[in-house]
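A note on names: the letters A, B, ... follow the listed sequences, proteins ahead of strands, and every chain is numbered from 1.
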Amino acid sequence: MPGRAKILPSLKLTPSRAAAVAVTLVLAGLAMAVANESQVRAQKLREVTVQAEILAGSVAGALAFDDRATTGEYISALRANRDVEAVGVYDAQGRLAAGAALTGAQPPVVNRIAPPVFDGAHLTVTVPVFQGTSRLGSVYLRTIVEPWSRRAARYAAVGLLILMASLVIAIFGASNASLAEAHRKLQIEMLEREKAEAALRLSQKAEAEAQVAIATERGRAALRQSEQQLELALRAGRLGAWALDLKSGGIIASELFHANFGLGEGESFDRYAGLVARVHADDRARQQRDMDAAIAGRADLESEYRTVTPDGETRWILMRGRAAYDDDGTAVRMTGVSLDITARKKADEHQRLLLDELNHRVKNTLATVQSIALQSAREADAAAFERAFLSRIAALARAHDLLTEVAWEGADLKEVIARTLAPHAPEGQADHIHLSGPGVRLGPNAAVSLTMAFHELATNACKYGSLSTAGGRVDVTWSAAPHGPGAVEIHWTESGGPIVSPPTRRGFGSRLVERGLAREFDGQVELVFAPKGLCCHMRLPLSQKMQIAA
Amino acid sequence: MSLAVRHANALAGLAAILAALALSGVALAQDRSVEYGVKAAYLQKFAPFVAWPSSAFTSPTSPFLLCVLGRDPFGTTLDQAVSGQSIGGHPMVVRRLDHVDGASGCHILYLGTSRSQSAAAALQAVRGAPTLTVTDGAPAGAVIQFAVKGSRVRFDIDIGAAAANRLTISSKLLALAMSVRSDPGPPSGQS
């Protein structure tokens, strides 16, 4: 109701407005009184002038013929008008012909025509007496403008009217103010209700939007989580993801996919042809065959091939995928994962090499065992053969143990000597064996050969040399050869044992040390049977089999 | 106060004057001089209360003729009374004539005693002419006839004679008359 809401405020009459209206009424009343006063005076002037002119017209004849009695009668007729204070009739010369003082002063003796004069509450009017064009005299009339009682009554009436109007306005104002207040409260209540409804609508809308947002966010979160899990799984498995458009040849792939092919950050295959170009030339035909077979057979693609990275590195890639087909059965898309299997391929290669090495070593060991058996068989009797054979096989086993511990990567010279001599040291006389020299790295064969050589030397020392007595000792020292091409010189020196005399014949041990070792290392080995103790000097050149440790 | 009372008072005053005049002849002669002085003033004052037809004047400024037929009883009093007076722009002039007729042009005609023309003949001569005829009571037939009642000069009016002469008498003047007749004949008294 916009019309009602527009109109009612305009009718709103507060007490202050009512007071203002009352004041306005009072002022209007005063203005009316002033205007009324003016009108009353004008009206009075007109009335008195008319009375004077009537008198002038009436007394013309009597005045012309000096009929004072008649003139007096006309004057007396004015006694009925209580407002008339004095009246006079004058001849043409202005002399008083007849006059009367009714309620006021006497009329003047001589009269002259003059404009009407308001003198306070009195009005004096003079008019000429004409008959035709002949002036016969004049009339003087003095009246009260308005008696105080009448004026008081008039103003009392005006005041009463104003009072009544003010009262009506006050009552109407109070009533209207009450109505306006009720209307104002109603409007406020309506406004508050509209605000509350608007707030409720906003709240409902926000709640609905929030629910949609939550649902959407949940969906997105789930999708993100799924994508993250997939990404995590792909990254954990170092799997690259790829999708190939079989019609256009376009390829879309993950960063890890491109990393599998050695591409840097920001580099990618735009086309399938770019990927094919990266396939090792020897594997390219097989890779294409695998693809064709998977698509034609609607089977999973599983293809391993090499790729050459931009740095020239060769990597092995495993590609797995499956094609998607349209309604016509035409393959349109193929998606899958890629995996860098270079490490696995290297491990496979290493394993194969190890197997070859094992096979080689087993054959060598069997050959060594065979040789030991043959050489040991030359011993005098079966019991000695058994002891010598088992002892040598045990030494060989310890050498294998040591090499196994270091994955057949090679062994330290000091470790080889210490382990070989340890079983031969007398009980509680470990200090009878002294080892000294720099670090020397031995290859597996060199370690086995030196193990067997030191085993023979130790066995001899225990049986005939310095370790056969309590005061004997063995010093093994080695060093880099000071002269000539690179070589290691090892000196076995026995002392404190029984007097040594050169053997009458060379046994297996001597042959193994002097010949076998020299042949193995392509070096020089010399046995010196000095009386103080056996000495063995070895000069073994540096090679892959023997190297000075860094 | 009614006109009857007013007239009664006037008659009482006039009777007192007449009583005084009866005391001596000198006093009487003086009273008649006063009487004609009043009548001379009346002759001049009748004019504003009478309307003449426009044909009574030859021009807007033609003179207003106040004629005295025969012996003039007013003397210079009349001349003094009309001196400087005008009626509707027509200057008032006194003419003393021994004989009048319809062509005399008199607007007011006082019928005195004339050897050459009687008052009755003069009345007859100006009958129908725009002339206000005034007599001292006789003969009958004049528009206004002076009369002395008590000590005051009064008059009677014959509106029939006025109408015959195409004159209109103001009611104000009629109100002052002792009697008003509408046809020629002996005046009837009023109390």
Side-chain angles (χ1 to χ4, degrees), chain A residues 50-82 84 86-102 107 111-113 127-141, chain B residues 1-14 34 37-52 60-61 64 81-92 107 144 146-147 149-155 157 168-178 180:
Chain A
V50 167
Q51 276 190 325
E53 288 177 346
I54 289 173
L55 178 60
S58 301
V59 302
L63 181 64
F65 297 98
D66 197 22
D67 187 349
R68 301 199 174 200
T70 302
T71 303
E73 287 176 1
Y74 284 121
I75 289 174
S76 296
L78 293 176
R79 291 180 185 277
N81 187 346
R82 295 183 177 178
V84 177
V87 61
V89 176
Y90 300 82
D91 61 16
Q93 286 70 42
R95 294 187 297 268
L96 181 64
L102 304 179
N111 185 37
R112 286 187 175 81
I113 299 301
V127 296
V129 177
F130 276 99
Q131 181 58 43
T133 58
S134 301
R135 181 176 172 180
L136 304 177
S138 63
V139 165
Y140 170 91
L141 191 59
Chain B
M1 182 181 286
S2 67
L3 286 176
V5 175
R6 176 161 53 88
H7 291 165
N9 291 338
L11 291 174
L14 186 58
V34 171
V38 172
K39 287 180 178 177
Y42 277 20
L43 285 177
Q44 177 262 326
K45 290 181 178 177
F46 284 144
F49 298 93
V50 179
W52 278 265
T61 57
F64 183 94
V82 304
S83 174
Q85 299 294 325
S86 64
I87 302 299
H90 301 280
M92 190 173 279
H107 296 95
I144 293 176
F146 282 123
K149 291 296 185 181
S151 60
R152 297 201 58 182
V153 177
R154 305 295 299 275
F155 50 84
I157 296 177
T168 302
I169 309 297
S170 168
S171 62
K172 297 174 187 174
L173 187 62
L174 295 176
L176 293 173
M178 288 191 302
V180 176

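Formation of a donor-acceptor pair under 3.5 Å by the K172(B) side chain with backbone atoms of G61(A) is not found in this model.
When all heavy atoms are compared, the tightest approach of I87(B) to T133(A) is C-OG1, 4.1 Å. Here the closest non-hydrogen pair linking Q131(A) and P48(B) is CG-O, 3.2 Å.
Of all residues spanning residues 51-60 of chain A, those with a heavy atom less than 4.5 Å away from chain B's heavy atoms are G57(A), A60(A), arranged by number.
Across A64(A), S134(A), A77(A), G72(A), the residue that shares the most heavy-atom pairs under 4.5 angstrom with chain B is A64(A).
Looking at S171(B), there are no atoms closer than 4.5 Å to chain A (heavy atoms on both sides), in backbone or side chain.
Listed by chain and residue number, D66(A) satisfy the salt bridge (charged side-chain N to carboxylate O under 4.0 Å, His left out) test with R68(A) (two or more places apart in sequence, or in another chain).
Few gaps surround CZ on R135(A); more than 12 heavy atoms of other groups in view lie less than 6.0 Å from it. Within a 6.0 Å sphere centred on OH of Y74(A), heavy atoms belonging to other residues, nucleotides or ligands number 12 at most.
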Mind running side-chain contact (heavy atoms from CB on, under 4.5 Å) on L173(B) and F65(A) for me, showing each step along the way? CA-CA 9 Å; L173(B) 187 62; F65(A) 297 98; 3.2 Å; yes

